[in-house]
Amino acid sequence: MNLDNKVKVAYFCMEFGLHEEFRIYSGGLGVLAGDTMKTARDLELPVTGIGIMWNKGYTRQLIDDYGRPYDNYAPEGQNYKHVSDTGITVTVRVKEQDVKCRVWKADKFNNRPIYLLDTNLEENQDMKWITDRLYMGSSEERIAQEIVLGIGGVRALRKLGIEVDIYHFNEGHAALAGTELIRELINQGYDFQEAWQRLRKKIVFTTHTPVEEGNESHPVENLKEVGAFNGLTQEEMEQIGGNPFNMTVAGLRLASRANGVARLHGITARDMWKHIDNRAPILSITNGVHHHSWVDDRMLEVLFNKNKIAKLHKENKQNLLDFINNENDQQLNQDRLLIGFARRAASYKRPDMVFWQLDRIKHLLEEQKVQFVFSGKAHPEDNVGKDIIAHIVSISRKYPQSVAFLEDYNIKIGRLMTRGCDVWLNNPRRPLEASGTSGMKAAMNGVLNFSTLDGWWSENCQHGINGWQFGNGYVGEGQDEHDLHALYEVLLNEVVPTYYEDRQRWLMMMQYSIKTTKDRFSARRMLKNYYEMLYQI
Ligand SMILES: *Cc1c(COP(=O)(O)O)cnc(C)c1O
């Protein structure tokens, strides 16, 4: 592996999750991007981030008196304390209007510099809102945000004088950067096809979800109206992204190499996009997490001593229980099994699945033999997701001694939960979970994964040794019933008895969980893979 070859990378992403108080992220995509930028700094790799300075960030989602989530944005202006002004601005065209973007630098979280574009300037008047809220708005509003990220992002790199060998579009949101890179070459005298072909060698793309709606697309007329053509013709735009213009398709056609975010996701993505002509090959590069941000460093030091692992875990569990007590005024029991689940509340993730046949586990909740802590947000416009959260909250109100729901899932809650639970539950409908990095964080802290064989877990699970699987990877008719039955069988016959009756085995499993994940699922390994497999010039 030759990382001396310091290829310079510009890493574009709509969100970056660096710290709980710097609210310019929503979830997994942002946390991955934040972990990547921290790891690039650790490894001294010349990766530069390009993103957006969200003024209000993503929803701060709280629970009302009736047990239903509602959206309440954090006060404006709070994010500015985490950035410094570069003094540079760039201009983009939105709806035939010039929009000025201030460029901020974020580098205070032991990360490689990230340049963030911001339209919140008085002179932008009725265009100030573009960088207000992450993942909100109509198709036209999203396009305006993507113009700022992609087109504005390339212009910022030029004005900052940052050299770039490889442009990494992390998710399709950044695909409009391609129009700017093509336009630059057309201005130098190349025709459209030549410009595109020359550029491809310098663009790589990561796709993140097998869920259809997760792959944003827009009617080409909308792109035209908002100004995303950026000098290209409609025919040229359609050659890149089709009509409707699919941002993932555009990424796959602009890039020369692409990747899915776990071994299984690569396979799923290759199949999902096989009908797209002229697309980049899709490799599998499994995500990884930044140790120092997520893992109790002491766990690695005591890895060979089961009693010390147990002692540290007990401390982490108590921290989580104290937090739950503070937030919710609920007393969970340190000595009883604690199962955690924290995800975006999307229906394919089936967050309330363990309660679908409440009769199977009711006695365990009543006796406080199994305790659960949940967290997660629904997208502000996703009422089905909000219903799911409301259901979980209603169960927590019925069994307050054994079920808790923590509102406003964020990086702090993620850290506490992936350190302090005993078991990390995940039950997505296969094969729709692309990766699932929270499970990696848990595993490295000795929190045992208990999950369907989806995302990263399908390449790491050794059942009964470093965690458990249920459902045997079944896909097909009756999958929900199949998985539900399997979940209860493994929970009641393996997880619960091991916890209460076979302490030595449990400790051994914690040890294996850490050993089998600490290197393989680190962001260090992931970034090395990027350099070896994607960032070749
Ligand atoms: C790690 C993390 C995620 C991503 O985890 P998934 O397993 O993909 O759900 C999302 N949000 C927060 C706050 C995290 O810490």
Side-chain angles (χ1 to χ4, degrees), residues 13-36 38-39 57-61 109 134-135 170-171 206-211 214 260-262 264-265 286-296 320 323 340-351 373-379 385 388-389 406-421 423-429 431-445 447 449-460 467 517 521-523 526:
C13 192
M14 203 51 131
E15 48 168 317
F16 285 89
L18 293 163
H19 188 269
E20 53 265 28
E21 280 163 25
F22 190 16
R23 299 179 74 107
I24 59 164
Y25 71 95
S26 148
L29 181 69
V31 170
L32 178 78
D35 279 13
T36 301
K38 291 173 183 172
T39 306
Y58 190 61
T59 174
R60 184 169 67 170
Q61 196 166 73
F109 298 98
L134 177 59
Y135 301 139
N170 190 38
E171 230 283 335
T206 301
T207 178
H208 282 269
T209 179
V211 178
V261 292
L264 175 62
H265 178 232
T286 304
N287 285 344
V289 299
H290 181 248
H291 272 253
H292 189 66
S293 299
W294 299 106
V295 185
D296 182 337
L320 172 61
F323 183 81
F341 183 105
R343 309 271 151 187
R344 193 158 51 83
S347 57
Y348 78 87
K349 296 189 190 235
R350 306 183 290 193
V373 53
F374 287 86
S375 193
K377 293 174 183 174
H379 184 275
I388 295 172
I389 292 177
L406 292 169
E407 62 186 3
D408 194 35
Y409 181 41
N410 58 41
I411 287 177
K412 180 176 182 186
I413 293 178
R415 189 171 54 240
L416 283 164
M417 286 181 67
T418 56
R419 289 181 186 199
C421 292
V423 167
W424 197 247
L425 172 64
N426 193 18
N427 39 237
R429 198 173 285 135
L432 297 177
E433 178 85 303
S435 186
T437 53
S438 62
M440 302 172 188
K441 301 167 194 167
M444 292 178 194
N445 281 307
V447 176
N449 277 264
F450 170 44
S451 168
T452 51
L453 286 173
D454 205 4
W456 80 288
W457 190 233
S458 68
E459 67 196 80
N460 192 58
T517 52
F521 299 96
S522 68
M526 174 189 74

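First listed ligand is number 1; within each ligand, the first listed atom is number 1.
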Point to revise | Closest protein heavy atom to atom 10 (C) of ligand 1, given as residue, atom name and distance to 0.1 Å | key: Gly28 N, 3.4 Å
Revision key, fill the gap. closest protein heavy atom to atom 9 (O) of ligand 1 is Arg343 NH1, 3.5 Å
Practice item. With Met440 as reference, evaluate Asn449, Val295, Thr286, Asn445 under the side chain to side chain contact (heavy atoms under 4.5 Å, CB included) test and give the passing residue. Key: Thr286
Point to revise | Distance-minimising heavy-atom pair for Gly288 and Leu32 | key: O-CD1, 3.9 Å
Check your understanding: So is Tyr25 close enough to ligand 1, meaning a heavy atom under 4.0 angstrom away?
Key -> no
Check your understanding: Regarding Tyr135 and Glu15, is there a side-chain donor-to-acceptor distance under 3.5 Å anywhere?
Key -> yes
Point to revise | Option with minimal heavy-atom separation from atom 15 (O) of ligand 1, where the choices are Arg344, Lys441, Glu20, Glu433 | key: Lys441
Check your understanding: Under 4.0 Å between a Lys/Arg side-chain N and an Asp/Glu carboxylate O for Asp408 and Arg23?
Key -> yes
Check your understanding: In Å, rounded to the nearest 0.5 Å, how long is the span from CZ of Phe374 to CE of Met417?
Key -> 8.5 Å
Review point. Just by distance, with hydrogens left out, do Thr59 and Lys377 show a side-chain donor and acceptor under 3.5 Å apart?
Key: no
**Study point:** Distance in Å, Thr437 OG1 paired with Met526 CE, rounded so as to fall on 0.5 Å steps
**Key:** 9.5 Å
Review point. Quick one: which ligand 1 atoms are inside 4.0 Å of a heavy atom on Asn410?
Key: 13 (C)
Check your understanding: Just distances here: any N/O of Lys349 and N/O of ligand 1 closer than 3.5 Å?
Key -> no
Exercise for review: Can you pull out the closest protein heavy atom to atom 7 (O) of ligand 1? Residue, atom name and distance to 0.1 Å, please.
Suggested key: Ser438 OG, 2.6 Å
Point to revise | ligand 1 N/O within reach of Trp294 N/O, cut-off under 3.5 Å | key: no
Study note, to complete from the structure: atom 12 (C) of ligand 1 sits nearest the protein heavy atom Tyr409 OH, 3.3 Å
Practice item. Just jot down the ligand 1 atoms closer than 4.0 angstrom to any heavy atom of Ile411, in number order. Key: 13 (C)
